[in-house]
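To start, the structure itself, in structure tokens.
Index from 1, following the sequence. What's counted below: heavy atoms across the whole structure, side chains too, no hydrogens, waters or symmetry copies.
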Amino acid sequence: MPTSPSEPPERSGPFDLAVVGAGPAGLAAAVEAARRGLRVVLLDAGDRPGGQYHRHPAPELGARRPGALHHDWREFTRRTAALDGLVRAGRVVHLPGHHVWTVVPEGTGRRLHAVAGPDEAAASVRARAVLLATGSHERQLPFPGWTLPGVVGAGGAQAMLKGGLVLPGRRVVVAGSGPLLLAVAGSLAAAGARVPAVVEAGTYLGYSGFAPALLRNPAKLAEGALHGGALLRYGTRLLTRHAVVGAHGSARVEAVTTVRLGPDWHPLPGTGRRIPCDALAVGHGLVPQLELATTLGCATRTAADGTAALVLDAEQSTSVPGVWAAGEAGGIGGARLAVVEGTLAAASVARALLGGGAPGPREAVLRRRRDRLRAFAEAMGGVHRPGPGWTGWLRPDTEVCRCEEVPAARVTEAVDVLGARDARTVKLLTRAGMGWCQGRVCGPAVAALAGHASGEGAVPDRRPLSCPVPLRHLAELPEPRTD
């Protein structure tokens, strides 16, 4: 049973390992580390394990087959059962509803501060090592009409279906870029929605340039064929090299306009067409959630999909001693890769803390699988990476930052007239990114419009707090310990 958020976790610490996030990577890491003899605390913002990937309906909804909309559900339930057994044995402390907002050095280990439960109580734990499995969030590129009711994220549509057993509409266009679109379209259609089109900005022919990575991952090819078969079965048209460049309606979305794109994603004149719908599920891949890691000073790289990801070695170690990471934080790669990386990271932590020889045969197998899946992920990211021409979709009055209602004209003014050369300067001049989402939605778009004039590639947002924190928590912080 998980520990209640009202129970001060310090009573049962310190721990050998603190795992942040109970999605596929974090869950696998916590189970593996505990099995190897470490005392583990698993902190997660969700009420139940699974993260966004294994988001499941609330018990009160009475779902008869909660795994019907999930891949690898049987493996997930086995892993959660193992976690429950380790919790009962006292080898893992599971703290759901805990939003970790910072990690600070303390003695030879680190202290993690969290906002806990609906009452936003203060909580903290101390551990010798930290494993970050913080997942990702959706990447959104704005276009005219994207703020209309009925326009939702592609992952958001899937979350509505998995977690709430509801559809975003009855006639849903799915658009954006990335393989998630095929899974979303199939899930919506299987649940009873009419999906007239999947509008993919990239082209699947781009995978032909990554033949070695494809051949090493036949399961991925089979999965793609399965999604393609679902589109045929439900009569869904796949439009590649197309994008939704406008959503239309009064009270909610009633239709979308699609156009054909050039190689750089610039819209081609005269190719527009309207598709009637009552909902649009749109997303352009995922963005690793790195706030805790960058606060710690972990080095990042520009991944093939254009996002910032952590630099990790073969042991899943970050550039900061005592800090490991697994899953999407190291680059978007999917749940199966996350499970493998979480297992490998836990094994590495156990060797570092408990001693031991070289990795065994099981780890060697897992490393080969990790490398194979990571190679496919990099190929996938390169194929679906947004092209610079997408900014041609925008009108001057198109809102880029929804929270602060900042239009594209103000962002371009900050760049072209006021001399802003990065997203942070644009934020200071326009308030873009200062709203409730703190730039998680508009950040990639603002960064693209700012031009990345320095040519340094993706620059992660660095912030001292990874989520909203009551001021009383800051006021009550003790003086840092040095022992």
How close do Leu112 and Val20 get, counting heavy atoms only, and between which atoms?
CD2-CG2, 3.5 Å
Might you point out which heavy atoms bring Gly21 and Leu42 nearest each other, and give the distance in Å?
O-CD1, 3.4 Å
Which residue pairs pass the salt bridge (charged side-chain N to carboxylate O under 4.0 Å, His left out) test with at least one member in residues 321-335, sequence neighbours excluded?
none
If only atom types and distance count, is the side chain of Arg139 paired as donor or acceptor with the main-chain N or O of His284 below 3.5 Å?
yes
CZ of Arg301: more than 12 outside heavy atoms within 6.0 angstrom?
yes
Test item: side-chain donor near acceptor, His384 and Tyr207, under 3.5 Å:
yes
Would a 4.5 Å heavy-atom cut-off, applied to side chains only, mark Trp146 and Val282 as touching?
no
Between the side chain of Glu120 and the main-chain N/O of Val115, is any donor-acceptor distance below 3.5 Å?
no
Okay, side chain of His113, backbone of Val104: is any donor-acceptor separation there less than 3.5 Å?
no
Sorted by chain and number, sequence neighbours left out, side chain to side chain donor-acceptor pair (under 3.5 Å) with Glu138 holds for none
Is the shortest heavy-atom distance from the side chain of Val125 to the side chain of His98 under 4.5 Å?
no
Is there a side-chain contact (heavy atoms from CB on, under 4.5 Å) between Arg374 and Leu312 once you walk through the steps?
CA-CA 12 Å; Arg374 178 56 70 189; Leu312 302 175; 6.0 Å; no
Where do Leu27 and His54 land on the side-chain contact (heavy atoms from CB on, under 4.5 Å) test, with the steps shown first?
CA-CA 11 Å; Leu27 181 58; His54 286 302; over 6 Å; no
Holding to side chain to side chain donor-acceptor pair (under 3.5 Å), I want the full list of residues that pass it with Tyr53, two or more places apart in sequence or in another chain.
none
Identified side-chain hydrogen bond (donor to acceptor under 3.5 Å, both in side chains) partner of Arg440 from the options Gln140, Glu291, His137
Glu291
Tell me whether Asn217 contacts the main-chain N or O of Arg372 through its side chain, where contact means a donor paired with an acceptor under 3.5 Å.
yes
Just by distance, do the side chain of Gln316 and the backbone of Asp313 share a donor-acceptor pair under 3.5 Å?
no
Quick one: which of Arg369, Arg368, Arg36 gives a salt bridge (charged side-chain N to carboxylate O under 4.0 Å, His left out) with Glu363?
Arg36
With distance as the sole test, does Ser177 use its side chain to make a donor-acceptor pair with the main-chain N or O of Gly202 at under 3.5 Å?
no
Across all chains, not counting sequence neighbours, the side chain to side chain donor-acceptor pair (under 3.5 Å) partners of Gln289 are none
Do Thr295 and Val103 make a side-chain contact, defined as non-hydrogen atoms from C-beta onward lying under 4.5 Å apart?
no
Arg370 side chain vs Val340 backbone, donor-acceptor pair below 3.5 Å
no
Partners passing side chain to side chain donor-acceptor pair (under 3.5 Å) against Arg367 (at least two apart in sequence or in another chain):
Glu315
What heavy-atom pair brings Ala133 and Ala25 nearest, and what distance separates the two atoms?
CB-CB, 4.0 Å
Exercise: identify the closest heavy-atom pair between Ala29 and Ala346
O-CB, 3.3 Å
Apply side-chain contact (heavy atoms from CB on, under 4.5 Å) to Tyr204 and Thr240, showing your working.
CA-CA 8 Å; Tyr204 288 96; Thr240 59; 4.0 Å; yes
For the atom pair CD (Gln52) and OG (Ser136), what is the distance rounded to the nearest 0.5 Å?
8.0 Å
Less than 4.5 Å apart, side chain to side chain, heavy atoms only: is that true for Arg35 and Val31?
yes
Looking at Asp16 and Arg128, is there a salt bridge between them, counting it only when a charged N and a carboxylate O are closer than 4.0 Å?
yes
Measure across Thr80 and Pro49 and return the closest heavy-atom pair with its distance rounded to 0.1 Å.
CG2-CB, 4.3 Å
Taken in chain and number order and not counting sequence neighbours, the residues that satisfy ring pair (Phe, Tyr, Trp, His ring centres under 6.0 Å) with His242 are none
If only atom types and distance count, is the side chain of Asp119 paired as donor or acceptor with the main-chain N or O of Ala121 below 3.5 Å?
no
Checking side-chain polar atoms at under 3.5 Å, does Trp101 have a donor or acceptor matched by the opposite partner on Ser466?
no
Write down the atom of Trp324, the atom of Ser348, and the distance for their closest heavy-atom approach.
NE1-OG, 2.9 Å
